[in-house]
Amino acid sequence: SEQPADAVPYYAAYLNKQPGDVDARRELGRIQITMPDFAGARDTFASIVSSGKAKVEDYEGLVNSHIWDGQLDAARPFVE
């Protein structure tokens, strides 16, 4: 059966060719949270936030990837 982790290499390869595709990057972050790969999701959502093209859901993904990984203090700057 296919697992979310199976899609990660395909997204990574695509994003190497199309690094500006924020929608694909956002979907990768969702997959990483589902796996769960919280560190990967943090990196992915942080890259969207730093690009200046973030939506509310990207900040939510970044905060959740910290909180669900037990890093409440690290999430604080994004919610204050």
Least distance between heavy atoms, [X] atom then [Y] atom:
| X | Y | answer |
| --- | --- | --- |
| Ala74 | His66 | CB-CD2, 3.1 Å |
| Leu62 | Ala46 | CD1-N, 4.0 Å |
| Ala41 | Ser65 | CB-CB, 4.0 Å |

Straight-line distance of [X] [atom1] to [Y] [atom2], nearest 0.5 Å:
| X | Y | atom1 | atom2 | answer |
| --- | --- | --- | --- | --- |
| Ser47 | Arg42 | OG | CZ | 13.5 Å |
| Asp21 | Tyr11 | CG | OH | 9.5 Å |
| Arg26 | Thr44 | CZ | OG1 | 12.0 Å |
| Arg25 | Arg30 | CZ | CZ | 14.0 Å |
| Asn64 | Asp69 | CG | CG | 11.5 Å |

Check whether any side-chain N or O of Asp6 sits under 3.5 Å from a backbone N or O of Gln3 as a donor-acceptor pair, and report yes or no. yes
Please tell me whether [X] and [Y] are part of a single hydrophobic cluster in this structure, the criterion being side-chain heavy atoms less than 4.5 Å apart.
| X | Y | answer |
| --- | --- | --- |
| Leu15 | Ile48 | no |
| Trp68 | Val49 | yes |
| Tyr59 | Phe38 | yes |
| Val22 | Leu28 | no |
| Ile31 | Ile33 | no |

Before accepting this row, confirm whether a basic side-chain N of the pair Lys55/Asp58 lies closer than 4.0 Å to the acidic partner's carboxylate O.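 Salt bridge absent between Lys55 and Asp58.
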Below 4.5 Å, heavy atoms only, C-beta onward: do Val8 and Met35 meet side chain to side chain?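 Answer yes - side chains close enough.
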